[in-house]
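Here the structure is laid out as structure tokens; the discussion comes afterwards.
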Amino acid sequence: MEKKLKVRFAPSPTGPFHIGGARSALFNWLVARHAGGTFLVRIEDTDLKRSSRESEENIKDSLKWLGLTWDEGIDVGGENGPYRQTERLDIYKKEVQRLLDEGKAYYCYCTEEELEESRKKQVAAGQTPVYDDHCRHLTEEQVAQYKAEGRKPVIRLKVRKDGVFAFDDMVRGHVEFQASGVGDFIIVKSDGIPVYNFAVVIDDSLMGVSHVLRAEEHLSITPRQLAIYEALGYPIPKFGHISLILGADHKKMSKRHGATSVTEYRNMGYLPDAMVNYLALLGWAPKGEQEIFTRDELIKQFSMKRVSSNDAVFDIEKLNWINFQYMKKLSPEQLLDLTLPFIEKAGYVKTPLSSEQKDWLTKVVWYVRDHLYYGAQAPENVKLFFEDLPEVTDEETLSIMKQETSGKIITAFADALEKLETFDEASIKKCFSSLMKETGIKGKAAFEPVRIALTGVTHGPGLYDMIALFGREKTLFRLRDSLKYC
């Protein structure tokens, strides 16, 4: 009977959750959900200096925000816990001792200076720098001497010198590494903490992980992990190495390219469904031309067979377009919920809102919705309703206001609006249409000066609903104040 598919996402909590990590987590999640398998999340915190619980919480919160729920692991539990590496040290210690007892690992007392000297000699000789096996066959006297000098040993794995370490990668096909280029590497540091490569192999094996899907940067360490699998006698999982995410300049994505963490995009008001949709397309090519996918559609269609080995380029414009498609699906109330924190932060409103304020602001945000690609853009687009207009200084705009008909249409429109019984979109539209017939001023000659008077620019979304949202008092003030330019 074939073993049930199980994948894992095992981040190191050393900083904010990176977009690349989110993409790796998503691909694992999609593979698990597509196959009806298990998605496991554990924390690899053996880097004691850089790891923090704050970063761990950030990772978990980001995964939950993206909707990437896990079936086993940290906070969820399961039969293979604990799921934090620093809580599994006794497990690693037993396996290390087994390797020592079987003669598959040994203590190494070489200093950093000695290792560097050996490396330089190998490089000078045109050789691949690997450990020179100095401590592989130490005598008891040599060990005693090193201990007397106060040297703290590491533990190295004995690696075979012949043949290759080979595997069939789900993304890259057949991959081989010469065993002679691996060398005896460290599996336990001098402080007694196992290195990443060693701990991850034990965790994947004991937790029953069948498929290891991870970033391309881990490809070069795979031969070391294969050597550990061999030494421990563990079954080897199926590997798949996903390409890197690059910036627009085709260099590894970093701060210079803009936001790089999931939290930053969440804080800018992007939608989790849109982010999942976009990340899925970074390296995966669906059949056909479809670009907008529900989660169920992604789960149904996703396959590692269509994951490319080519690097993926993070395109913020594409993300914004996809997020815009999801923004358009929001109801007026949902759109307000998304944008209100940004509008409040800008100082335009204070919560809690009265029912009247909420109703009006819902209409305002809905009015500008076609200009919102993500939530943080709301203040810039609604400021027209809260801030005084700046002085008009553009020569082309001023020339429009100085046309003979501009002052005439603005004055007539203000007078007509003041007398209007019902101040709503339909009444305002009817009023302006009648006014154009009465004055004979039509088209741009009528619309442009009125819009400039109300907004300072010649174009924008619907004029009549904007005036209705402004209200009579603000509209009349702006119209009459603009006469100073005529």
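Residue numbers count from 1 along this sequence.
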Worksheet, complete the sentence: Rounded to the nearest 0.5 angstrom, the CD1-CD distance for Ile202 and Gln225 is 11.5 Å

Worksheet item: For Gln290, does the CD atom sit with more than 12 other heavy atoms under 6.0 Å from it, leaving out its own atoms?
Response: yes

Worksheet item: Would you call the rings of Phe385 and Tyr367 parallel, tilted or perpendicular, where under 30° means parallel and over 60° means perpendicular?
Response: perpendicular

Discussion item. More than 12 heavy atoms of other residues, nucleotides or ligands under 6.0 Å from CG of Asp388: yes or no?
Written reply: no

Item to complete: Indicate yes or no: does Arg33 engage Asp71 in a salt bridge with an N to O separation below 4.0 Å.
Response: yes

Worksheet item: Using 4.0 Å as the upper bound for N to carboxylate O, is an ion pair formed by Arg451 and Glu448?
Response: no

Discussion item. What verdict does the side-chain contact (heavy atoms from CB on, under 4.5 Å) test give for Val31 and His211, after you've listed the backbone C-alpha separation in whole Å, the side-chain angles of each residue and the deciding distance to 0.1 Å?
Written reply: CA-CA 9 Å; Val31 165; His211 293 66; 5.7 Å; no

Worksheet item: Salt bridge or not for Glu72 and Lys6, using N-O below 4.0 Å?
Response: yes

Item to complete: Using the ring of Tyr326 (Phe, Tyr or Trp, six-membered ring only), decide whether Lys329 places NZ or CZ under 6.0 Å from its centre and within 45 degrees of its axis.
Response: yes

Worksheet item: Should Lys363 and Asp359 count as an ion pair when the cut-off is N to O under 4.0 Å?
Response: yes

Fill in: Option from Leu330, Asn323, Asn381, Leu338 for which side chain to side chain contact (heavy atoms under 4.5 Å, CB included) with Leu372 holds
Asn381

Worksheet item: Under 4.0 Å between a Lys/Arg side-chain N and an Asp/Glu carboxylate O for Arg84 and Glu87?
Response: yes

Discussion item. Pair Arg214, His241 - check side-chain contact (heavy atoms from CB on, under 4.5 Å), show working.
Written reply: CA-CA 5 Å; Arg214 58 191 182 186; His241 289 87; 3.1 Å; yes

Discussion item. Using ring centroids (six-membered ring only for Trp), state whether Phe324 and Tyr270 fall under 6.0 Å.
Written reply: no

Discussion item. Quick test of your reading of the model: are Arg478 and Glu473 salt-bridged, counting only N-O distances below 4.0 Å?
Written reply: no

Discussion item. Looking only at the aromatic ring of each residue, does the gap between the centers of Phe432 and Phe447 stay below 6.0 angstrom?
Written reply: yes

Item to complete: Give the ring-plane orientation class for His218 versus Tyr196, where under 30° counts as parallel, over 60° as perpendicular and anything between as tilted.
Response: tilted

Worksheet item: Is a salt bridge present between Glu56 and Lys60, judged by a nitrogen-to-oxygen distance below 4.0 Å?
Response: yes

Fill in: Ring-ring centroid check Phe198 Tyr92, cutoff 6.0 Å
no

Discussion item. Could you go through Trp284 and Phe293, starting from their C-alpha distance and side-chain angles, then the distance that decides it, and tell me whether this counts as ring pair (Phe, Tyr, Trp, His ring centres under 6.0 Å)?
Written reply: CA-CA 13 Å; Trp284 171 65; Phe293 294 87; 5.7 Å; yes

Worksheet item: Going by an N to O cut-off under 4.0 Å, is there a salt bridge joining Arg480 and Asp415?
Response: yes

Worksheet item: Do the side-chain N and O atoms of Asn58 and Thr263 include a donor-acceptor pair separated by under 3.5 angstrom?
Response: yes

Fill in: N-O pairing of Asp204 and Arg42 below 4.0 Å
yes

Worksheet item: Do NZ/NE/NH1/NH2 and the carboxylate oxygens of Glu95 and Lys93 come within less than 4.0 Å?
Response: no

Worksheet entry | Ring centers of Trp360, Phe386 separated by less than 6.0 Å | yes

Worksheet item: Aromatic ring centroids of Trp29 and Phe302 under 6.0 Å?
Response: no

Worksheet entry | Distance (rounded to the nearest 0.5 Å) between Ser406 OG and Ile400 CD1 | 7.5 Å

Discussion item. With a 4.0 Å cut-off on N to O distance, would you call Glu57 and Lys64 a salt bridge?
Written reply: no

